[in-house]
Amino acid sequence: MDSKPSPAVVVSAVPPYGHVILSAKWRGSTLAHHFKGVVKAIFEEELGVVDLHLSNKSCILYVSESDVVAGNDYKRKIVRFRNANSNFHGVVLVEKTRLSEQYFSGLQRFVVLELGLTLLAVASPVEAAQLISQMVHGESKENPFRRRSACRLLDPVVLNLVQQIPGVGKVKAMALLQQFSSIHQICNLSAQQLESVVGQATAQQIWGFFHNQLS
DNA sequence: TCGTAGGTTTT
DNA sequence: AAAACCTACGA
């Protein structure tokens, strides 16, 4: 069921779950056509330089094969895209085809290294639609397009285990793993060594947790 | 899952 | 003493 009377007023640029907002110029395009049945498209006239909004606070700029090959000052466009959407996670979706692949590494250097945006390559509009569908559907689950607050270097499983130690919460678990990197290491530390990271009371608690056999 | 009250630890 | 932290509880 396509809902044709979409609201004329833009309340916000964040679509409801399972939907994407895309700029009106995509109406009737191959890309939009392949959303059918998987994600719902809401067309919006004034989206500025953005092509597509996802509800996970991401917005997408689509760079087509012809944009790349013709050099259509897409760089200027990407810069405007980045500047206009500081609150969102900017993703540049580029068509990497036989014709455009020779320009890809240059584009990659520019988008990722210089602008700090995410770059995703697809071979065709159909593939782009599939990828976007996956991004939309993966929103509720963990997905690689979500902004991560914590640093990715710490294993979340290990982090959780360390937090099971009484007196140790998020902050101290992070601090401990930053300094000692493994549970195995932490459990062999003396209370004095632990005190270099954590306070005296907590150091005792941690040492006790590993060494006091509770009855 | 997220925010917060209330008690404890750290500085 | 103030700031930071931990935990448990309720929306």
Side-chain angles (χ1 to χ4, degrees), chain A residues 1 3 6-7 9-22 35 37-42 44 47 50 52-60 82 84-93 116-120 129-215:
Chain A
M1 299 277 185
S3 54
S6 56
V9 195
V10 199
V11 182
S12 89
V14 178
Y17 179 79
H19 292 61
V20 296
I21 297 178
L22 60 170
F35 283 151
V38 191
V39 294
K40 304 224 173 79
I42 301 170
E44 181 53 53
L47 230 46
V50 175
L52 217 131
H53 270 287
L54 269 52
S55 40
N56 60 343
K57 295 194 82 180
S58 302
C59 54
I60 295 178
R82 203 252 331 237
N85 297 283
S86 48
N87 301 347
F88 297 94
H89 183 206
V91 177
V92 175
L93 204 54
L117 297 169
T118 299
L119 180 65
L120 262 24
Q130 289 170 346
L131 181 57
I132 292 165
S133 304
Q134 286 173 4
M135 290 170 77
V136 169
H137 278 129
E139 273 169 24
S140 54
K141 305 163 191 163
E142 187 181 342
N143 75 337
F145 307 109
R146 219 189 118 209
R147 285 307 235 164
R148 273 188 262 273
S149 47
C151 90
R152 196 85 283 280
L153 283 82
L154 283 83
D155 184 344
V157 176
V158 176
L159 187 67
N160 271 325
L161 280 174
V162 176
Q163 287 182 64
Q164 303 309 305
I165 304 169
V168 178
K170 219 181 188 166
V171 176
K172 285 175 183 168
M174 293 258 219
L176 285 167
L177 285 172
Q178 193 115 0
Q179 193 79 186
F180 303 121
S181 74
S182 81
I183 294 187
H184 181 246
Q185 209 170 133
I186 293 172
C187 78
N188 287 320
L189 257 33
S190 69
Q192 282 88 305
Q193 289 174 296
L194 289 166
E195 273 190 50
S196 66
V197 174
V198 92
Q200 172 195 283
T202 313
Q204 294 293 342
Q205 276 187 287
I206 296 172
W207 192 89
F209 178 81
F210 286 117
H211 299 92
N212 288 340
Q213 49 186 58
L214 26 137
S215 157

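The chains referred to below are lettered A, B, ... by the order of the sequence lines, with proteins before strands, and numbering in each begins at 1.
Checking each of A/L52, A/V50, A/V91 against A/C59 for a side chain to side chain contact (heavy atoms under 4.5 Å, CB included) leaves exactly one that passes, namely A/V50.
Here B/dC2 presents its C1' atom at 11 Å from NZ of A/K170, a figure rounded to the nearest Å. Per the geometry, CD belonging to A/Q200 stands 17 Å off C1' belonging to C/dC5, to the nearest Å. In this entry the distance linking CD1 of A/I206 with P of B/dT9 reads 13 Å, nearest Å. Protein atom CE of A/M174 is 16 Å distant from nucleotide atom P of C/dA4, rounded to whole Å. The distance between atom NZ of A/K172 and atom C1' of B/dT8, rounded to the nearest whole Å, is 8 Å. The separation between A/Q204 atom CD and B/dT9 atom P is 12 Å, rounded to whole Å. One interatomic measurement links the two molecules: CD of A/Q163 to P of C/dC5, which rounds to 13 Å at whole-angstrom precision.
Proximity of A/F180 to A/V197: side-chain heavy atoms (C-beta onward) are separated by under 4.5 Å at one or more points.
Phosphate proximity of B/dT10 to A/T202: present, with a side-chain N or O under 4.0 Å from OP1 or OP2.
In this structure, A/S133 contributes its side chain and A/A129 its backbone to a donor-acceptor pair below 3.5 Å.
Counting only N and O atoms by type, the side chains of A/S190 and A/Q193 include a donor and acceptor under 3.5 Å apart.
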